[in-house]
Amino acid sequence: MKNDTIIQIKSYAFAIRIVKLYQFLSDEKKEFTLSKQLLRSGTSIGANIEEAIGGQSEKDFYAKLTISYKEARETHYWIRLLTDTKYLTTEQSDSLLTDVTELLKIIGSNQKTLRNS
């Protein structure tokens, strides 16, 4: 991870938090449906960042970045839904929402830069 970009580092760290949250939701709260959706979308952000970096062209890079952005939006939704349905407290979800919002800003900024180049 020494030469990883900030988005790689942050999306990987976020994926770890999502995996741990999934474990908590399934083990402690016995919630399996929403948490599985969260696990899928939350870990997909970083996976698509990695695919973007390994892309064969700028167009490929942009396409994977766009998928990553969509997955981050979906993750934001699931965290809010889990909070509003009382599976998570506001205290539990606040830092997750902050992290996913930061990822959205970074990815969005990269998309904007690519569109304008």
Side-chain angles (χ1 to χ4, degrees):
M1 288 189 91
K2 186 177 182 187
N3 294 321
D4 287 353
T5 64
I6 191 75
I7 189 66
Q8 285 175 289
I9 294 165
K10 287 184 178 286
S11 62
Y12 187 80
F14 185 73
I16 290 170
R17 291 188 71 196
I18 292 297
V19 169
K20 290 179 179 180
L21 177 57
Y22 171 75
Q23 291 168 332
F24 165 77
L25 289 168
S26 58
D27 293 347
E28 302 293 324
K29 300 287 188 168
K30 303 302 180 207
E31 198 302 307
F32 303 102
T33 306
L34 301 177
S35 58
K36 192 73 160 183
Q37 291 289 110
L38 174 70
L39 179 67
R40 188 198 56 74
S41 66
T43 56
S44 182
I45 300 165
N48 279 290
I49 294 293
E50 290 295 330
E51 285 190 48
I53 292 167
Q56 297 176 2
S57 66
E58 191 171 293
K59 185 177 178 181
D60 190 30
F61 179 83
Y62 185 81
K64 292 296 181 188
L65 209 56
T66 299
I67 293 168
S68 187
Y69 185 86
K70 290 178 180 181
E71 296 292 344
R73 291 286 336 151
E74 182 180 340
T75 301
H76 190 274
Y77 172 84
W78 292 124
I79 294 168
R80 287 184 5 251
L81 185 61
L82 284 161
T83 304
D84 291 342
T85 55
K86 308 297 184 219
Y87 283 105
L88 296 176
T89 65
T90 302
E91 294 77 26
Q92 290 171 317
S93 65
D94 278 350
S95 70
L96 288 162
L97 289 170
T98 298
D99 286 355
V100 75
T101 299
E102 182 181 14
L103 288 171
L104 283 162
K105 288 177 182 175
I106 295 169
I107 297 166
S109 176
N110 283 326
Q111 287 177 302
K112 186 176 181 180
T113 299
L114 283 169
R115 274 195 308 267
N116 293 335
S117 64

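Fair warning: this is a prediction, and the values are worked out from it, not measured in the lab.
At least one side-chain heavy atom of L103 sits under 4.5 Å from a side-chain heavy atom of S11. Residues F32 and K30 have side chains in contact (heavy-atom distance under 4.5 Å, counting atoms from C-beta outward). Contact annotation: the side chain of L21 approaches that of L88 to within less than 4.5 Å [non-hydrogen atoms, C-beta and beyond]. Between K10 and D99, the closest side-chain pair of non-hydrogen atoms is not below 4.5 Å. Looking at R17 and S95, their side chains come closer than 4.5 Å, going by heavy atoms from C-beta outward.
Between the CD atom of E102 and the CD1 atom of I106 there is a distance of 4.5 Å, given to the nearest 0.5 Å. T66 contributes atom OG1, which lies 10.0 Å from atom CG of N48 (distance to the nearest 0.5 angstrom). A distance of 8.5 Å separates OG1 of T43 from CG of L38, quoted to the nearest 0.5 Å. Expressed to the nearest 0.5 Å, how far CG of D84 lies from OG of S93 amounts to 8.0 Å. Atom-to-atom distance recorded for S41:OG and H76:NE2 is 12.0 Å, nearest 0.5 angstrom.
For the residue pair S117 and E58, the shortest heavy atom distance occurs at OG-OE2, 3.8 Å. Across I45 and F14, no two heavy atoms sit closer than the pair CD1-CE2, 3.9 Å. Considering all non-hydrogen atoms of both residues, Y62 and R115 come closest at OH-NH1, 3.0 Å. Across all their heavy atoms, G55 and D60 have their closest contact at CA-OD2, 3.1 Å.
S68 places no side-chain N or O within 3.5 Å of a backbone atom of K64 that could act as its donor or acceptor partner. In this structure, K86 contributes its side chain and T83 its backbone to no donor-acceptor pair below 3.5 Å. Checked by atom type and distance alone, the side chain of S109 never pairs as donor or acceptor with a backbone atom of K105 at under 3.5 Å.
I67 and W78 are members of different hydrophobic clusters when ILVMFWY side chains are connected at heavy-atom separations under 4.5 Å. Cluster annotation: F24 is connected to Y87 through the hydrophobic network of ILVMFWY side chains, with a link wherever side-chain heavy atoms come within less than 4.5 Å. Note on L104: it does not cluster hydrophobically with I9, by side-chain heavy-atom contacts below 4.5 Å among ILVMFWY residues. By the criterion of side-chain heavy atoms lying less than 4.5 angstrom apart, applied directly or through intervening Ile, Leu, Val, Met, Phe, Trp or Tyr residues, Y77 is grouped together with I79 in one hydrophobic cluster. Y69 and Y12 fall into different hydrophobic clusters, where Ile, Leu, Val, Met, Phe, Trp and Tyr side chains are chained together by heavy-atom contacts under 4.5 Å.
Residues satisfying the side-chain hydrogen bond (donor to acceptor under 3.5 Å, both in side chains) test with S35, not counting sequence neighbours, are E31. Under the side chain to side chain contact (heavy atoms under 4.5 Å, CB included) criterion, E50 pairs with Q8, not counting sequence neighbours. Taking L65 as the reference, I49, F61, I107, N110, Q111, L114 meet the side chain to side chain contact (heavy atoms under 4.5 Å, CB included) condition, with sequence neighbours excluded.
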Trace of the side-chain contact (heavy atoms from CB on, under 4.5 Å) decision for K36 with R40
CA-CA 6 Å; K36 192 73 160 183; R40 188 198 56 74; 6.0 Å; no

